[in-house]
Amino acid sequence: MERIIFSKLEQWKNSPSRKPLILQGARQVGKTWTMKEFGKRYFKNTAYINFDNNSAMKAVFEGDFDIHRIILLLSAETGISITPKDTLIIFDEVQEVPRALSSLKYFCEEAPEYAIIAAGSQMGVALHKGTNFPVGKVNLLSLYPLSFLEFLMATETKELVSVLQDGDWKLICALKSHYIQRMKEYFYVGGMPQAVQNFIDTSDWKQTREIQNTLLEVYKQDFSKYALPELTVRLNLIWNSLPAQLSKENRKFIYGQIKKGARAKDFALAIQWLSDCGLIHLVHSVSKPFYPLKAYEDLDSFKIYMNDIGLLGALGGMDIKTILDENAFFVEFKGAITEQFVLQQLISSSQLNLFYYSAPNSSGEIDFLTQVENQIIPIEVKAAENLQAKSLKAFHQKWQNRFSVRTSLADFRLDDWLINIPLYCIHNICDYIREPRKTPFQKVFRGSCEL
């Protein structure tokens, strides 16, 4: 599978200020494959060390942090002659040996010429007791489930990918039905590599769902493995409540929906735990839509989305008939699934920080708020070809923001203050917004159906 992160890894490799890299991400999003494939493509040799049940490597790091000694022992373990220019060193499941994680500080300070990537279960990396995390001595990069664009690449629809990347809107409009069909598949299959590969190989919806259910069970087993018993119960309660939380018209997280009488102080640690491990995304509200949004963040008011749209559908019991029946597809669970889709694309492709805004004493809510450079961008998500934008219009009239974005199944459309971006193109939102308003948008949206 082609992963967009390879271009970022190449930038890291060639950076003159390169530090050891920690590749973050939830379990089963493809970290091990990505690291090995990166080594295969960009280095002559790859020295891969898996610390899981590796007592020999644990003993290596029980001594001092003499990097020369460590390199010699890593060479002996892997059978690879490790040289700075030609070799990528990979520490996998690094949480199993906390001192190996701590050693990255010394690689940074004493041997920056070595290219080294570390990864592991995010639960262990984030929460392992006694670990001296090398703050300021490492680069960080996050790997997410496959985005919709990566899903198109994986399913060998290269023509659809190239048309999206070229921004030829006449062709995009002509191919609209193909994009929507693939998007439906992605809504069900999601972006977990194992589920995607199985769907590519078999086209078996049922088998894909079985894989997703297995992944959900693996996550639950990890709760017990990494968390204290009293926290495990709360993790499961939160996890199981997510489909119901998102299916509400107002998707603000409500503690009382976990169980009767639940309070924030009882579940705050568990929510943070899931977030630190990359299993959920928290989207906080802001009191005012001002720049910078982080300064107006309300930590007590938030929505929770899962790490993958396919896993959300599996946890919520979304039936395959919802995919096959075009009329029902955007009816059942439509808002939650569509918002989950948009969130994943904006986080994985554009690396945006997302918030939301709910006007006081009003039912109007902006699904997502983000900032592109110094511009505040409100985003309204519509599941079908819905061109109404009452909340956006009210928001624009009050705050006089420069651009507003509605994303739906409708074709691209540019009004005086509103841009409609098709759902299957939302990953490119930053490119659209950065184009100066007075510059003809035809340069970006050339050939648009409705321009």
Side-chain angles (χ1 to χ4, degrees), residues 142 238 241-242 244-258 262-276 278-307 335-336 338-347 350-382 388-407 417-419 421 426 429-430 432-434 437:
S142 295
I238 294 168
S241 80
L242 293 181
Q245 297 276 0
L246 289 172
S247 65
K248 306 191 312 296
E249 184 176 355
N250 177 355
R251 281 177 261 286
K252 177 184 175 182
F253 190 84
I254 304 297
Y255 289 97
Q257 198 154 351
I258 301 175
R263 296 173 297 177
K265 68 176 185 178
D266 297 325
F267 288 89
L269 181 60
I271 289 173
Q272 189 60 51
W273 198 94
L274 291 169
S275 177
D276 287 345
L279 298 180
I280 61 172
H281 298 290
L282 279 85
V283 178
H284 287 92
S285 69
V286 291
S287 58
K288 293 180 181 179
F290 292 169
Y291 177 87
L293 289 170
K294 189 72 176 175
Y296 299 91
E297 183 178 27
D298 181 355
L299 296 177
D300 295 325
S301 181
F302 54 88
K303 299 186 283 189
I304 294 181
Y305 297 89
M306 290 181 62
N307 63 329
T338 311
E339 285 185 26
Q340 174 77 42
F341 172 83
V342 171
L343 172 130
Q344 276 188 243
Q345 310 322 304
L346 296 182
I347 288 177
S350 299
Q351 307 294 307
L352 292 175
N353 291 321
L354 298 177
F355 304 85
Y356 77 98
Y357 176 75
S358 184
N361 304 316
S362 172
S363 59
E365 181 179 296
I366 302 301
D367 298 319
F368 296 114
L369 272 182
T370 191
Q371 57 191 52
V372 178
E373 296 173 352
N374 64 343
Q375 296 185 61
I376 302 300
I377 310 298
I379 304 169
E380 187 168 83
V381 178
K382 298 293 185 182
Q388 293 184 355
K390 294 180 181 178
S391 296
L392 271 183
K393 188 171 184 179
F395 182 93
H396 174 75
Q397 289 173 342
K398 180 173 182 179
W399 301 106
Q400 295 298 305
N401 55 297
R402 192 179 182 195
F403 294 116
S404 296
V405 171
R406 175 187 54 215
T407 183
W417 56 275
L418 177 65
I419 306 170
I421 302 174
I426 194 61
I429 186 173
C430 289
Y432 307 151
I433 296 302
R434 286 184 178 124
R437 181 69 167 126

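Count residues from 1 along the sequence.
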Apply side-chain contact (heavy atoms from CB on, under 4.5 Å) to Arg251 and Val283, showing your working. CA-CA 10 Å; Arg251 281 177 261 286; Val283 178; over 6 Å; no
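- Looking at Lys303 and Glu339, their side chains come closer than 4.5 Å, going by heavy atoms from C-beta outward.
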Would Gln257 and Lys248 count as a side-chain contact (heavy atoms from CB on, under 4.5 Å) if you check the C-alpha gap in whole Å, the side-chain angles of each, and the deciding distance to 0.1 Å? CA-CA 11 Å; Gln257 198 154 351; Lys248 306 191 312 296; 3.0 Å; yes
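- In this structure, Phe267 CZ and Gln272 CD are separated by 15.5 Å, a value rounded to the nearest 0.5 Å.
- Classification of the Phe253-Tyr255 ring pair by plane angle, with boundaries at 30° and 60°, yields perpendicular.
- In terms of the side chain to side chain contact (heavy atoms under 4.5 Å, CB included) criterion, residue partners of Lys398 (sequence neighbours excluded) are, by chain and number, Tyr357.
- Side-chain contact between Ile376 and Phe290 is absent, with no heavy atoms from C-beta onward closer than 4.5 Å.
- The side chain to side chain donor-acceptor pair (under 3.5 Å) test applied to Gln371 returns no partner, not counting sequence neighbours.
- Take Tyr356 and apply the ring pair (Phe, Tyr, Trp, His ring centres under 6.0 Å) test, not counting sequence neighbours, and it matches no residue.
- Looking at residues two or more places apart in sequence or on another chain, you find a side chain to side chain contact (heavy atoms under 4.5 Å, CB included) between Thr370 and Leu352, Leu354, Ile377, Ile379.
- Partners of His284 by ring pair (Phe, Tyr, Trp, His ring centres under 6.0 Å), not counting sequence neighbours, listed by chain and number: Phe302.
- Residues passing the side chain to side chain contact (heavy atoms under 4.5 Å, CB included) test with Asp298, sequence neighbours excluded: Ser285, Asp300, Ser301.
- Taking the side chain as every heavy atom from C-beta outward, Leu293 and Asn353 never approach each other to under 4.5 Å.
- Residues satisfying the side chain to side chain donor-acceptor pair (under 3.5 Å) test with Ser404, not counting sequence neighbours, are Asn401.
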Please report the C-alpha distance between Gln245 and Ile304 in whole Å, then the side-chain angles of each, then the deciding distance to 0.1 Å, and finally whether the side-chain contact (heavy atoms from CB on, under 4.5 Å) criterion is met. CA-CA 8 Å; Gln245 297 276 0; Ile304 294 181; over 6 Å; no
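- For Asp367, the side chain to side chain donor-acceptor pair (under 3.5 Å) test picks out no residue, with sequence neighbours left out.
- Residues passing the salt bridge (charged side-chain N to carboxylate O under 4.0 Å, His left out) test with Lys294, sequence neighbours excluded: Glu297.
- Within the model, atoms CD of Glu380 and CD1 of Ile366 stand 6.0 Å from one another, a figure rounded to the nearest 0.5 Å.
- In this structure, Ile347 CD1 and His281 NE2 are separated by 4.5 Å, a value rounded to the nearest 0.5 Å.
- Heavy-atom minimum distance, Phe341 versus Ile426: CE2-CG2, 4.4 Å.
- Under the ring pair (Phe, Tyr, Trp, His ring centres under 6.0 Å) criterion, Tyr291 pairs with no residue at all, not counting sequence neighbours.
- Here the closest heavy-atom approach between residue Cys430 and residue Val372 is recorded as SG-CG2, 4.3 Å.
- For the pair Thr407 (side chain) and Ile421 (backbone), a donor-acceptor distance under 3.5 Å is present.
- Minimum heavy-atom separation, Asn307 to Gly278: CB-O, 3.2 Å.
- The distance from atom CG of Asp276 to atom CD1 of Ile271, rounded to the nearest 0.5 Å, is 12.0 Å.
- Gln340 is linked by a side chain to side chain donor-acceptor pair (under 3.5 Å) to Gln344, counting only residues two or more places apart in sequence or in another chain.
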Worked verdict on Leu369 versus Phe395 for side-chain contact (heavy atoms from CB on, under 4.5 Å): CA-CA 11 Å; Leu369 272 182; Phe395 182 93; 4.0 Å; yes
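- Between atom CG of residue Leu346 and atom CD1 of residue Ile429 there is a gap of 5.5 Å, rounded to the nearest 0.5 Å.
- In terms of the salt bridge (charged side-chain N to carboxylate O under 4.0 Å, His left out) criterion, residue partners of Asp266 (sequence neighbours excluded) are, by chain and number, Arg263.
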